[in-house]
S.K.: 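Submitted below is the structure of interest, expressed as structure tokens.
In each ligand, atom 1 is the first atom listed, and ligand 1 is the first ligand listed.
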Amino acid sequence: MNPNASHPKILPATPESIRLASQALRDGKLIGLPTETVYGLAARGDQPESVAKIFAAKQRPSTNPLILHVGDPDAVHSLVAMDSDITRRRFEAASSLWPGPLTLVLPRSTSVLDCVTAGGNTVAVRVPAHLVALQLLREISLPIAAPSANVSNYISPTRPEHVIDGLADSVEWVLDGGICDVGLESTVLSIADPSNPPTILREGVLSATKLESVFGEIVLSAAINNMELTKPPSDAPAASPGLHRRHYSPRTPLRLVRESDHASSANSDLRVLRIRLRGPASSLPGYVDVWSLSADGDPLEIANRLYETLRRADSGQFDQIEIDQMNVEDWSESGNANLIAAISDRLHRASNQDDAPLGR
Ligand code: TXA
Ligand code: MG
């Protein structure tokens with residue numbers, strides 16, 4: 001539990017509040033739901049009116065499909081259409097990683113709502129590995145649509161207060177599941193096309209090596225293999241429509257700088273914060289403050305603290321944020337290349353220096 005969570009809509013995750021949240025979902029309301037990756041903005045996924053509330057609250061374009069969350073891999077079968085042996089075999093293999101930070105994209109069944117899939121012929125499904133989410137999903141026994149519980153293009157939430165910060169008026173309750181273990185959204189993996197290898201559409205904490213050992217076959221990564229998601233060839237797996245370039249951005253201008261840059265080149269009148277990926281948070285010329293995400297340079301710790309840190313940096317005390325780029329080559333010794341790619345991708349999307357300021 002999180003001792004800092006104090007808002008009347010944040011409920012300690014007792015069996016009674018899980019029942020309350022479950023009833024609110026049944027009644028078509030929105031709930032802030034903890035998962036191991038980030039908090040979700042949950043609604044029942046089988047009712048167009050409830051799903052519409054998600055899009056309205058997040059100001060999310062209706063072209064961006066949602067993930068359906070269930071409490072058990074078996075509950076996926078009614079949501080998908082697996083008419084190929086290859087897809088069935090891949091599903092069985094991949095679901096051994098559930099509950100976990102993995103979202104599978106599969107051909108949809110006719111029972112899935114168009115507003116969930118944004119009219120596409122695939123659906124994204126996930127069994128999250130958070131006790132509170134699992135208890136709620138198993139109690140309610142309905143597919144629950146849940147995007148990250150942030151207003152579109154803002155930073156994803158890793159604590160219950162973050163959900164309240166952006167969406168207090170939209171949610172009935174937020175279940176307090178503490179600080180998210182992973183802190184970065186799930187790996188989105190498409191196994192929708194049996195004639196192509198399983199393909200990572202959005203990088204997360206899972207490594208391709210792990211996925212390949214589970215599937216016993218090669219796994220492609222849209223980011224690492226330089227696949228063009230916005231203009232796929234006609235036989236490519238479904239693109240992930242949510243992967244717009246600008247995303248996860250703070251309102252404060254944020255610029256990526258090289259890890260080796262030790263002085264700010266910003267105008268000296270500005271209050272500039274430097275966020276380092278690794279090492280000590282020692283002061284540097286031109287910065288009013290220096291923070292470090294991980295003294296030891298542990299990518300899991302960097303992922304875990306990234307969104308929380310960006311939100312803190314965006315609280316109005318700085319005119320500009322400069323954050324280290326995560327150059328994949330400089331981090332090749334640090335293990336999981338997919339996690340490095342995931343963090344690097346989120347950093348690029350958070351950087352808004354070249355764009356018009358968002359939502360000021
Ligand atoms: O960790 C997570 O995945 C969190 C937690 C709450 O489960 N959810 C999350 O949802 O990040 P959202 O909506 O913020 O991101 C889902 C991503 C988007 O990029 C969306 O475009 C993509 O998954 N997606 C959803 N359905 C898809 C589909 N049928 N085909 C391809 N991509 C899909
Ligand atoms: Mg999101």
S.K.: Main chain of Tyr39, side chain of Arg159: is a donor-acceptor contact present, judged purely on distance under 3.5 Å?
M.R.: no
S.K.: Other residues, nucleotides and ligands only: do more than 12 of their heavy atoms fall within 6.0 Å of CG on Asp169?
M.R.: no
S.K.: Closer than 4.0 angstrom: is that true for some heavy atom of Thr117 and an atom of ligand 1?
M.R.: no
S.K.: Which atoms from ligand 1 have a heavy atom of Val105 less than 4.0 Å away?
M.R.: 30 (N), 31 (C)
S.K.: What are the atoms of ligand 1, with element, lying closer than 4.0 Å to any heavy atom of Glu185?
M.R.: 1 (O), 11 (O)
S.K.: Can a side-chain donor-acceptor contact be found between Arg202 and Thr103 if the only test is distance below 3.5 angstrom?
M.R.: no
S.K.: Quick one: look at His130 and ligand 1, take heavy-atom pairs under 4.0 Å, and tell me if it's side chain, backbone, both or neither.
M.R.: neither
S.K.: Considering the heavy atoms of Asn64, write down every atom of ligand 1 situated less than 4.0 Å from one of them.
M.R.: 18 (C), 20 (C), 21 (O)
S.K.: Give a yes or no on whether Ser148 keeps an N, O or S atom under 2.8 Å from the Mg ion (ligand 2).
M.R.: yes
S.K.: Using a 4.0 Å heavy-atom cut-off, say whether Ala146 meets ligand 1 through its side chain, its backbone, both or neither.
M.R.: backbone
S.K.: Can you find an N/O atom of Ser148 closer than 3.5 Å to an N/O atom of ligand 1?
M.R.: yes
S.K.: Output the list of atoms in ligand 1 that are nearer than 4.0 Å to some heavy atom of Ile67, sorted by atom number.
M.R.: 3 (O), 8 (N), 9 (C), 10 (O), 16 (C)
S.K.: Please confirm whether Arg126 comes within less than 3.5 Å of ligand 1 when only nitrogen or oxygen atoms on both sides are compared.
M.R.: yes
S.K.: Within ligand 1, which atoms have a heavy atom of Arg60 less than 4.0 Å away?
M.R.: 12 (P), 13 (O), 14 (O)
S.K.: Under a 4.0 Å N-O cut-off, is there an ion pair linking Arg255 with Glu322?
M.R.: yes
S.K.: Using the rule that two of Ile, Leu, Val, Met, Phe, Trp, Tyr join whenever any of their side-chain heavy atoms come within less than 4.5 Å, decide whether Leu256 and Tyr287 are in one cluster.
M.R.: no
S.K.: Taking the side chain as everything from C-beta on, heavy atoms only, tell me whether Ser190 gets closer than 4.5 Å to Thr122.
M.R.: no
S.K.: Checking Tyr307 against Glu185: is there a side-chain donor and acceptor pair closer than 3.5 Å?
M.R.: yes
S.K.: Under a 4.0 angstrom heavy-atom cut-off, which atoms of ligand 1 come close to Ala124?
M.R.: 25 (C), 26 (N), 27 (C), 29 (N)
S.K.: Tell me whether Thr37 has any N or O atom under 3.5 angstrom from an N or O of ligand 1.
M.R.: yes
S.K.: For His69, which part has a heavy atom under 4.0 Å from ligand 1: side chain, backbone, both, or neither?
M.R.: side chain
S.K.: Any nitrogen or oxygen of Ser186, main chain or side chain, under 3.5 Å from a nitrogen or oxygen of ligand 1?
M.R.: yes
S.K.: Could you tell me, atom by atom, which parts of ligand 1 come under 4.0 Å of a heavy atom of Gly40?
M.R.: 6 (C)
S.K.: Any cation-pi pair here, Arg251 with Tyr154, using under 6.0 Å and within 45°?
M.R.: yes
S.K.: Which part of Thr122 is near ligand 1, with near meaning a heavy atom under 4.0 Å away: side chain, backbone, both or neither?
M.R.: both
S.K.: For ligand 1, which atoms, with element, lie under 4.0 Å from some heavy atom of Val38?
M.R.: 4 (C), 6 (C)
S.K.: Look at atom CD of Glu333 and say whether more than 12 heavy atoms of other residues, nucleotides or ligands are closer to it than 6.0 Å.
M.R.: no
S.K.: Could you tell me if Ser156 and Arg346 have a donor-acceptor pair between their side chains, going purely by distance under 3.5 Å?
M.R.: no
S.K.: Within 45° of the six-membered ring axis of Trp291 and under 6.0 Å from that ring's centre, is NZ or CZ of Arg312 located there?
M.R.: yes
